[in-house]
Amino acid sequence: MKIPPVKGTRDFYPPDMARRNWIIDGWKKVSVRNGFEEYDGPIFEYLKMFQIKSGDEIVEQLFSFKDRGGRHLALRPEITPTLARMVNQQINSLPKPIKWFSVPRLFRAERPQKGRLREFFQWNIDIIGVDDVLADAEVIFTTVDYLRSVGLKQRDVRVKISSRKLLASSLKNVGIQETQLLSLYALLDKYSKMPGDTFKKMLSEQVMDESIAKKVINFMGSTALSEVSEIIGTNAEVEDAIQELARLKELLEQMGVWQYCEFCPGIVRGLAYYTGVVFEVHEFSQELRAICGGGRYDNLLHDFGGPRISATGMGMGDCVLGILLDERGLFKPESKELDYFVAFVDEVYRQNVIELTMKLRSAGFVTNFSYKAVKLSKQLKEASAQNAKRCIIIGEEFKSNQLVIKDMATGKQELVDYDKFLSELKS
RNA sequence: GUGAGAGUAGCUCAGUCGGUUAGAGCACUGGAUUGUGGAUCCAGGGGUCGCGGGUUCGAAUCCCGUCUUUCACCCCA
């Protein structure tokens, strides 16, 4: 009976695994060089933990089950709640600031489509305990640092930055009621996805007053911070949010990555827990869904039973990124490569082939030999297929203690003394 | 949950109006080559034409159902 793979999952054959590792190794390397430390948690948690942050609707969007003790558990759809739990547990003994990263395998029971699967990997970086946009700047810098390192240019990706503080204070300043904010966010989040007229129409359903609606539209369309106070007027709260974003821009300029970024009030981001700076990275033509998203979430640790400590972070999945890297031809995974392939001319030397192979392996060289007793040309073919850098050929010369070493790239070969070769291996 | 498209070899696909034993390229295995790889040539293995039913003398082909998958919507932590 043939069993198909489960919907929304991927099989990683060796070439796929090489690509996956290439992405993840890149994430880890950039995290570490930016001063983040790696952590991880269990792949399943109490279902309740995910409900705290995201509400009850989340339950049907994740894989949950009951264990034999009747506990309601779920495969993790994100790692931030685990992070909050872990940090809260040791909050008093952890040196601040906390700069942690993780590359969890996550699960979401959604219908798969382009750039979205049911099982995927997500790079997360978080800075906890720094109530300063400098931390937001560092999160954004680290994100760009990675994108840059894989060869994505300014013309490929844009970091779109906004602020929940600015959004809330601006909307209130033009006359939107506080109670209206959340439902309005959902619409504003779609601003860039729909034609202007459609947006206008849908906005008018929520905002009856035409002059207010017009201000909201102008605000959403603004691309420079300096325009904002002209459009929506100003007050202390608005001014404060603008100052914060201006400082963020200044910091990103100092860090040398502002050219990847732009101010974009349309970035709202789904859930309600963001409290400050928010950002998303999009592919330039906007044809793909967001490559990553992040922002400040100052209440989350408290929501998980901890102290009021500020936090900011970012998450980047491997699906959309993988599509983009593919489209741009930027994947450069290392293919399988052998240092040595050991071959024989006559089967009588087979034992010597095995012995030498094991010695090479013990010395740390990636080495293979043929399992089959086939002629030399076949063995060399196998070596070639396995990307061997060098072939060692054991033949007549071995009787006088000599090996033939063939360089597979140049085709040149030389005779070397066996004992000498071995002693050089050890050094 | 809603809508649209697609399912033929491991992969990408062709298959005429419904007509004999379902094909190609790539990949894989072997040979051409008994001490020299990548190229080339030759050969070979590999198929429940997604599955089930129906129409028909006859179905990969037409009809119905179903499953899977892709894409979009909802949602997106």
Side-chain angles (χ1 to χ4, degrees), chain A residues 1-11 13 15-16 45 49-62 74 76-84 104 106-118 120 122 124 185-186 189-190 193-194 268-274 278 280 287-295 297 300 303 313-317 319-320 323 338 341 343-349 370 372-398 403-413 415:
Chain A
M1 184 174 50
K2 262 190 191 167
I3 308 223
V6 173
K7 184 200 280 287
T9 62
R10 289 169 289 180
D11 292 328
Y13 289 89
D16 310 307
E45 294 268 7
M49 203 165 82
F50 302 114
Q51 290 171 293
I52 291 177
K53 181 179 155 200
S54 310
D56 290 340
E57 321 82 65
I58 200 76
V59 175
E60 54 197 49
Q61 294 183 63
L62 43 74
R76 62 187 180 192
E78 57 170 331
I79 201 171
T80 311
T82 302
L83 171 70
L106 304 177
F107 308 85
R108 296 179 184 176
E110 297 169 300
R111 187 169 289 203
Q113 52 186 288
K114 191 174 188 184
R116 189 207 259 181
L117 297 169
R118 289 184 162 190
F120 58 97
Q122 189 185 65
N124 283 253
Y185 285 166
D189 196 36
K190 296 189 175 69
K193 288 179 195 160
M194 55 176 74
V268 178
R269 297 200 51 72
L271 282 198
Y273 72 90
Y274 285 109
V278 288
E280 283 179 359
E287 273 163 24
L288 299 173
R289 54 182 67 240
I291 298 162
C292 78
Y297 50 99
L300 193 68
D303 293 342
M314 181 284 300
M316 180 187 300
C319 301
V320 176
I323 293 169
L338 298 181
F341 190 97
F344 57 73
V345 169
D346 188 293
E347 213 182 336
V348 298
Y349 301 111
S370 179
K372 287 171 282 192
V374 291
K375 58 189 173 183
L376 184 60
S377 71
K378 280 280 161 195
Q379 295 178 66
L380 287 174
K381 203 170 186 163
E382 211 175 322
S384 213
Q386 291 184 34
N387 260 323
K389 284 185 247 175
R390 290 174 292 272
C391 254
I392 295 181
I393 300 166
I394 300 183
E396 284 296 305
E397 310 84 348
F398 195 71
L403 303 169
V404 172
I405 299 184
K406 181 185 176 81
D407 184 308
M408 296 298 277
T410 64
K412 284 183 185 159
Q413 47 190 60
L415 266 179

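The chains referred to below are lettered A, B, ... by the order of the sequence lines, with proteins before strands, and numbering in each begins at 1. Nothing here was measured: the structure is a model prediction, and the numbers come from that model.
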message = Applying side-chain contact (heavy atoms from CB on, under 4.5 Å) to A:S370 and A:Q386, what does each step give before you reach the verdict?
response = CA-CA 11 Å; A:S370 179; A:Q386 291 184 34; over 6 Å; no
message = Give me the distance, rounded to whole Å, that separates B:A59 from B:C63 when you measure between the P atoms they each carry.
response = 16 Å
query = With rounding to whole Å, what would you report as the distance between B:U69 and B:C64 at their P atoms?
reply = 23 Å
query = Phosphate oxygens OP1/OP2 of B:C74: is one of them under 4.0 Å from a side-chain N or O of A:R111?
reply = no
inquiry  = I need the minimum non-hydrogen distance between A:I392 and A:I405, along with the two atoms involved.
reply    = CG1-CG1, 4.2 Å
task = Return yes if some donor-acceptor pair links the side-chain N/O of A:Q122 with the main-chain N/O of A:P104 below 3.5 Å, else return no.
result = no
inquiry  = Counting only side-chain heavy atoms from C-beta out, which of B:A77, B:C76, B:A72 sits nearest to A:K53?
reply    = B:A77
inquiry  = Within this structure, what is the CG-CG distance for the pair A:L106 and A:L117, rounded to the nearest 0.5 Å?
reply    = 12.0 Å
query = Can you tell me how far P in B:C26 sits from the matching atom in B:U55, rounded to whole Å?
reply = 43 Å
query = For the side chain of A:Y274, counting heavy atoms from C-beta on, which of B:C76, B:A77, B:G3 is nearest?
reply = B:A77
request  = For the side chain of A:E110, starting at C-beta, report the closest nucleotide among B:G37, B:G1, B:C75.
outcome  = B:C75
Between the protein and nucleotides 32-36 of chain B, are there any N/O to N/O pairs under 3.5 Å, and if so, what are the atom names and distances?
from  : atom 1 : to     : atom 2 : distance (Å)
B:A32 : OP2    : A:K375 : NZ     : 2.9
B:U33 : O2'    : A:K375 : NZ     : 2.7
B:U34 : OP2    : A:K375 : NZ     : 3.2
B:G35 : O6     : A:E396 : N      : 2.8
B:G35 : N1     : A:E397 : OE1    : 3.2
B:G35 : N1     : A:E397 : OE2    : 2.7
B:G35 : N2     : A:E397 : OE2    : 2.9
B:U36 : O2     : A:K406 : NZ     : 2.9
B:U36 : O2     : A:Q413 : OE1    : 3.3
B:U36 : N3     : A:Q413 : OE1    : 2.9
B:U36 : N3     : A:Q413 : NE2    : 3.2
B:U36 : O4     : A:Q413 : NE2    : 2.7

request  = Provide, to the nearest angstrom, the distance between the CG atom belonging to A:D189 and the C1' atom belonging to B:C74.
outcome  = 14 Å
inquiry  = Taking the minimum atom-to-atom distance to the side chain of A:Q113, which one of B:C71, B:A77, B:C76 wins?
reply    = B:C71
query = Quick one: A:R116 CZ to B:C71 C1', roughly how many Å, whole number?
reply = 12 Å
A:A290 to A:E280 - nearest heavy-atom pair and separation = CB-OE1, 4.2 Å
query = Knowing that exactly one of A:I394, A:I393, A:V404 qualifies, which makes a side-chain contact (heavy atoms from CB on, under 4.5 Å) with A:V345?
reply = A:I393
request  = For B:U12 and B:C17, measure between their C1' atoms and round to the nearest Å.
outcome  = 28 Å
message = Between B:A9 and B:G5, how far apart are the two C1' atoms, rounded to whole Å?
response = 24 Å
ask   = Nearest-Å distance, NZ (A:K412) to P (B:G37)?
value = 18 Å
ask   = Nearest-Å distance, NZ (A:K7) to P (B:C71)?
value = 12 Å
request  = Taking atom C1' in both B:G25 and B:U33, compute the distance separating them and give it to the nearest angstrom.
outcome  = 26 Å
query = So, for A:F50 and A:E78, which heavy atoms are closest and what is the spacing to 0.1 Å?
reply = CE2-O, 3.8 Å
query = Taking the C1' atom of each, how far is B:A27 from B:G10, in whole Å?
reply = 7 Å
inquiry  = Both A:A388 and A:K190 contact RNA chain B. Which one's nearest nucleotide lies toward the 5' end?
reply    = A:A388
message = At less than 4.0 Å, is any side-chain N or O atom of A:K372 found next to OP1 or OP2 of B:U29? Yes or no.
response = no
key: Dot-bracket notation for RNA chain B, counting Watson-Crick and G-U pairs under 3.5 Å, with | for partners on another strand   = (((((((..((((.....[...)))).(((((.......))))).....(((((..]....))))))))))))....
request  = Would you state whether a donor and an acceptor, one from the side chain of A:R108 and one from the base of B:A77, lie under 3.5 Å apart?
outcome  = yes
Residue whose closest nucleotide on RNA chain B lies nearer the 5' end, A:V374 versus A:E382 = A:V374
ask   = How many Å lie between NZ on A:K114 and P on B:A72, as a whole number?
value = 7 Å
inquiry  = Do A:R108 and A:Q61 have side chains that approach each other closer than 4.5 Å (heavy atoms only, starting at C-beta)?
reply    = no
request  = Let me know the distance between CG of A:L117 and P of B:U70, rounded to the nearest Å.
outcome  = 8 Å
ask   = Considering only the P atoms, how many Å lie between B:G30 and B:G38, rounded to the nearest integer?
value = 13 Å
query = Is there side-chain contact between A:Y273 and A:D303, with heavy atoms separated by less than 4.5 Å?
reply = no
request  = Scan A:K193 against the nucleic acid and name what it touches under 4.0 Å (heavy atoms): base, sugar-phosphate only, or nothing.
outcome  = base
request  = Can you tell me the distance, in whole Å, between the CD atom of A:Q386 and the C1' atom of B:G38?
outcome  = 14 Å
key: Whole-Å distance separating the CD1 atom of A:I3 from the P atom of B:U68   = 14 Å
query = Residues in side chain to side chain contact (heavy atoms under 4.5 Å, CB included) with A:D56, at least two apart?
reply = A:Q51
Nearest heavy-atom neighbours spanning A:M408 and A:A383 = CE-CB, 4.1 Å
